[in-house]
Amino acid sequence: MSNLSRQPGKGLPRALVCYRASATLLALTTLVQVGLGAGYIGGDYDSMDLHDINARVLISLALLTLGTGIWLRRRGGPVRAAAVSAVLLVALVVQMVLGIERVVAVHITLGVIIFAAVTVLLMRAWAVSVPPKRPTSARPVDSDRPAEPVS
């Protein structure tokens, strides 16, 4: 069970929406990157320039996802939101260096691992739930007796 159900925290829904949006964009851009890499391997050498540009977009989105993951964590969300995003950012930088250096076998293998990790990150981002808001009472609650439901 995530921390969200135990400590809702102020600002959680906006942080969660932003984290989900950045994780979704990261996943879509990762899928595009796979297609561009496959195009290059298949003989479409023009796709290499797009693959290079998209790699930079991926790193930017990973940084955005890390930022929203930290924001979500500070609002009571799960630690893994920031931790996995940080690991992915590092992996994407390593991936870019491997591509520039043409270490193709490791580049492709790491790319498969990154794609799987981004997929898991996306699934977890959408699985985090926000607890329903509790109604507040206008009158003070006596600590000796249980609170009465608000109608």
Side-chain angles (χ1 to χ4, degrees), residues 1-137 147 149-150:
M1 182 168 236
S2 74
N3 293 340
L4 297 182
S5 59
R6 286 180 261 152
Q7 277 184 338
K10 185 178 177 185
L12 180 64
R14 189 176 308 152
L16 183 58
V17 166
C18 290
Y19 180 68
R20 285 177 175 171
S22 63
T24 302
L25 288 172
L26 181 66
L28 290 172
T29 308
T30 304
L31 184 60
V32 168
Q33 188 71 341
V34 170
L36 291 170
Y40 176 72
I41 290 171
D44 179 13
Y45 299 112
D46 292 334
S47 67
M48 180 50 73
D49 291 334
L50 294 174
H51 187 73
D52 180 51
I53 292 167
N54 197 55
R56 296 168 202 282
V57 172
L58 266 173
I59 289 177
S60 299
L61 285 172
L63 188 57
L64 177 66
T65 304
L66 174 60
T68 58
I70 291 169
W71 181 24
L72 180 63
R73 174 63 193 136
R74 293 179 132 197
R75 297 292 187 245
V79 173
R80 72 175 174 257
V84 173
S85 299
V87 171
L88 270 172
L89 179 60
V90 171
L92 284 167
V93 170
V94 169
Q95 177 73 339
M96 182 181 256
V97 170
L98 290 170
I100 291 169
E101 295 297 321
R102 305 282 190 243
V103 185
V104 179
V106 181
H107 181 75
I108 291 173
T109 304
L110 182 57
V112 171
I113 293 167
I114 288 171
F115 186 78
V118 168
T119 302
V120 171
L121 178 122
L122 180 65
M123 290 175 9
R124 287 184 172 177
W126 285 94
V128 172
S129 62
V130 178
K133 288 187 176 182
R134 295 182 190 165
T136 57
S137 175
V150 177

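Because the structure is a prediction, the values reported are computed rather than measured. Note that the numbering runs from 1 along the sequence shown for the chain.
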| message | Test of understanding: with side-chain contact (heavy atoms from CB on, under 4.5 Å), list the residues that count as partners of V87, not counting sequence neighbours. | response | none
| query | CG/L31 to CG/L36 distance, rounded to the nearest 0.5 angstrom? | reply | 10.0 Å
| task | Say whether, by atom type as modelled, one donor and one acceptor occur between the side chain of R75 and the main chain of R14 under 3.5 angstrom. | result | no
| task | State the OG-CG distance between S22 and L121, to the nearest 0.5 angstrom. | result | 8.0 Å
| said: According to ring pair (Phe, Tyr, Trp, His ring centres under 6.0 Å), does anything in residues 72-126 pair up with another residue at least two apart or in another chain? List the pairs. | reply: none
| request: Report the residues that fulfil side-chain contact (heavy atoms from CB on, under 4.5 Å) with V103, sequence neighbours left out, ordered by chain and then residue number. | output: L98, E101, V106
| remark: The complete set of ring pair (Phe, Tyr, Trp, His ring centres under 6.0 Å) pairs with one or both residues in residues 27-50, sequence neighbours excluded, reads Y40-Y45
| salt bridge (Lys or Arg N to Asp or Glu O under 4.0 Å): pairs with one or both residues in residues 25-49, sequence neighbours excluded | none
| message | Within this structure, what is the CG-CG distance for the pair L26 and L92, rounded to the nearest 0.5 Å? | response | 7.0 Å
| query | Going by the side chain to side chain donor-acceptor pair (under 3.5 Å) test, which pairs reach into residues 52-61, not counting sequence neighbours? | reply | Q33-N54, D52-R56
| field | Interatomic distance, Q95 atom CD to I108 atom CD1 [nearest 0.5 angstrom] | value | 9.0 Å
| Is the shortest heavy-atom distance from the side chain of C18 to the side chain of L72 under 4.5 Å? | no
| query | Is V128 close to R124 at the side-chain level, that is, under 4.5 Å between some pair of heavy atoms? | reply | no
| task | Pick out which of L89, L61, L88 makes a side-chain contact (heavy atoms from CB on, under 4.5 Å) with L66. | result | L89
